[in-house]
Amino acid sequence: MKIVEANGLGLRTRRGWVYRDVDLSAEAGELHAVTGPPGSGRTSLLLALAGRFPHTHGELRRRGPAALGQVAGVHEPDPTLTVAEHIQERLLLLGPVPRRRRQLVPVAAVRARRAYRRDAFAAAIAGAGFTDAPLDPDRYGRDLTPVERQVLGLVLASLSGPNLIVADDVDAGADAPERAWIWTALSRLADQGYAVVASARAVEPGATAIAHRIGDPALPSPALVAPRAAVKADLTPEVTA
């Protein structure tokens with residue numbers, strides 16, 4: 001089942017193209033990687049795929065809700081909360097899965113949201129398939145390493161049981177073992193039935209991801225920082241052009 005489909009997607013501003021002519025079709029259970037150098041428009045493209053940022057050209061179709069993992073400057077850990085508190089807060093905000101939606105939400109996410117009063121951290125980590133995650137429940141957001149921030153973002157994203165999960169710059173600040181672990185973690189999420197789209201400078205060797213290269217040096221593609229005020233809250237399915 002196709003979760004997100006972009007045809008000729010592009011974003012052009014007065015400064016030029018941010019990204020252009022992107023064709024991407026992600027089905028449930030697939031991991032896609034958007035690669036390119038800094039300033040190639042990877043972040044803006046990911047936010048557009050998730051329904052959080054506009055595009056000016058092409059068509060975008062998305063089935064079901066999307067959730068953001070770590071996106072620097074847009075969706076980041078609260079520096080004053082611990083990892084466990086982030087998870088508890090998210091579960092409280094989400095509340096129990098309505099009966100009418102239980103058939104549509106992954107079983108792991110349902111179990112995590114039922115278990116938040118007992119052991120939210122363990123349930124959320126297990127639900128995401130990250131029991132070997134390098135994550136300390138008592139560590140504050142301000143102290144998290146780049147990889148820990150990515151892991152926490154993915155765990156929080158999985159709790160809502162979305163169809164699509166996007167995560168930005170998954171290889172930023174990571175060494176080779178950490179990059180290998182994060183790509184394996186992304187594959188685990190895809191294996192659970194999520195469509196996963198991650199951006200990176202490059203795909204780690206051995207990762208089972210469908211790669212999409214953007215930011216051809218021959219084309220002007222100035223970086224565009226997505227301000228918080230421009231991020232949309234609407235995650236409903238849509239067809240835009």
Side-chain angles (χ1 to χ4, degrees), residues 1-6 24-35 42 45-46 49-51 61-71 75 83 87 90-91 94 97 101-115 119-135 146-172 174 176-200 202-212 235 237:
M1 179 175 63
K2 288 185 179 179
I3 301 302
V4 64
E5 185 174 11
L24 186 154
S25 178
E27 297 192 5
E30 289 184 345
L31 169 60
H32 289 251
V34 176
T35 66
R42 291 178 291 152
L45 174 58
L46 256 64
L49 293 176
R61 297 177 178 85
R62 191 177 61 255
R63 181 186 180 92
L68 298 182
Q70 160 79 6
V71 180
H75 197 257
V83 167
I87 292 171
R90 181 64 57 87
L91 290 170
L94 289 170
V97 179
R101 291 199 66 235
R102 287 178 189 170
Q103 296 291 333
L104 305 175
V105 176
V107 173
V110 175
R111 289 175 177 169
R113 287 164 69 170
R114 285 175 175 171
D119 193 342
F121 176 80
I125 294 293
F130 295 169
T131 52
D132 59 341
L135 205 58
V147 172
E148 290 170 338
R149 294 165 76 89
Q150 290 288 347
V151 174
L152 177 58
L154 292 172
V155 171
L156 295 175
S158 72
L159 292 176
S160 62
N163 288 12
L164 171 67
I165 294 176
V166 304
D168 191 33
D169 271 341
V170 296
D171 55 354
E178 290 172 331
R179 291 195 301 270
W181 190 94
I182 198 72
W183 284 106
T184 299
L186 291 166
S187 294
R188 290 180 196 167
L189 286 176
D191 289 343
Q192 292 184 49
Y194 301 106
V196 182
V197 183
S199 79
V203 179
E204 191 69 9
T208 56
I210 302 168
H212 308 266
L235 293 178

Straight-line distance of [X] [atom1] to [Y] [atom2], nearest 0.5 Å:
{"X": "His75", "Y": "Leu156", "atom1": "NE2", "atom2": "CG", "answer": "7.0 Å"}
{"X": "Leu68", "Y": "Leu164", "atom1": "CG", "atom2": "CG", "answer": "9.0 Å"}
{"X": "Leu189", "Y": "Thr184", "atom1": "CG", "atom2": "OG1", "answer": "11.5 Å"}
{"X": "Tyr194", "Y": "Asn163", "atom1": "OH", "atom2": "CG", "answer": "9.5 Å"}
{"X": "Leu186", "Y": "Ile165", "atom1": "CG", "atom2": "CD1", "answer": "9.0 Å"}

Would Asp132 and Arg188 satisfy salt bridge (Lys or Arg N to Asp or Glu O under 4.0 Å), going step by step from the backbone distance to the final call?
CA-CA 12 Å; Asp132 59 341; Arg188 290 180 196 167; 2.8 Å; yes
Who passes side chain to side chain contact (heavy atoms under 4.5 Å, CB included) against [X], sequence neighbours left out?
{"X": "His32", "result": "Leu24, Ala26, Glu30, Val197, Ile210, His212"}
{"X": "Ser25", "result": "Lys2, Glu5"}
{"X": "Ala209", "result": "Leu31, Ala33, Trp183, Val203"}
{"X": "Glu178", "result": "Val147, Ala174, Asp175"}

With sequence neighbours excluded, tell me which residues meet salt bridge (charged side-chain N to carboxylate O under 4.0 Å, His left out) with Glu204.
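Partners of Glu204 by the salt bridge (charged side-chain N to carboxylate O under 4.0 Å, His left out) criterion, ordered by chain and then number, come out as Arg179.
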Over all atoms of both residues, closest heavy-atom pair of [X] and [Y]:
{"X": "Ala190", "Y": "Val196", "answer": "N-CG2, 3.9 Å"}
{"X": "Ala67", "Y": "Pro162", "answer": "CB-CG, 3.6 Å"}
{"X": "Ser158", "Y": "Ala128", "answer": "OG-CB, 3.8 Å"}
{"X": "Ala172", "Y": "Pro146", "answer": "O-CB, 3.3 Å"}
{"X": "Ala50", "Y": "Val166", "answer": "CB-CG2, 4.0 Å"}
{"X": "Leu135", "Y": "Val151", "answer": "CD2-CG1, 3.9 Å"}

Taking side chain to side chain donor-acceptor pair (under 3.5 Å) as the test, write out the residues that go with Asp168, two or more places apart.
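Scan of Asp168 (side chain to side chain donor-acceptor pair (under 3.5 Å), adjacent residues dropped) gives Thr43, Ser199.
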Under the side chain to side chain donor-acceptor pair (under 3.5 Å) rule, collect the residues that match up with Thr208, sequence neighbours excluded.
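With sequence neighbours excluded, Thr208 shows a side chain to side chain donor-acceptor pair (under 3.5 Å) to Ser187, given in chain and number order.
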Could you tell me whether the side chain of [Y] reaches within less than 4.5 Å of the side chain of [X], counting heavy atoms only?
{"X": "Phe121", "Y": "Val83", "result": "yes"}
{"X": "Met1", "Y": "Arg63", "result": "yes"}
{"X": "Val71", "Y": "Asp169", "result": "no"}

Give a yes or no answer on whether the side chain of Arg42 reaches the backbone of Thr35 with a donor-acceptor pair at less than 3.5 Å.
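Between the backbone of Thr35 and the side chain of Arg42 there is no qualifying donor-acceptor contact (under 3.5 Å).
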Quick check against the 3.5 Å criterion: does Gln150 have a side-chain atom that pairs as donor or acceptor with the backbone of Ile182?
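No, Gln150 side chain to Ile182 backbone: no donor-acceptor pair under 3.5 Å.
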Any pair with a residue in residues 152-164 that passes salt bridge (charged side-chain N to carboxylate O under 4.0 Å, His left out), sequence neighbours left out, goes on the list, sorted by first then second residue, please.
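Listed once each, the pairs would be none.
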Per the salt bridge (charged side-chain N to carboxylate O under 4.0 Å, His left out) rule, what does the pair list look like for residues 154-164, sequence neighbours excluded?
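Applying salt bridge (charged side-chain N to carboxylate O under 4.0 Å, His left out) to every pair that reaches into residues 154-164, excluding sequence neighbours, yields nothing.
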Set of ring pair (Phe, Tyr, Trp, His ring centres under 6.0 Å) partners for Phe130, sequence neighbours left out:
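Counting only residues at least two positions away or on another chain, Phe130 forms a ring pair (Phe, Tyr, Trp, His ring centres under 6.0 Å) with Trp181.
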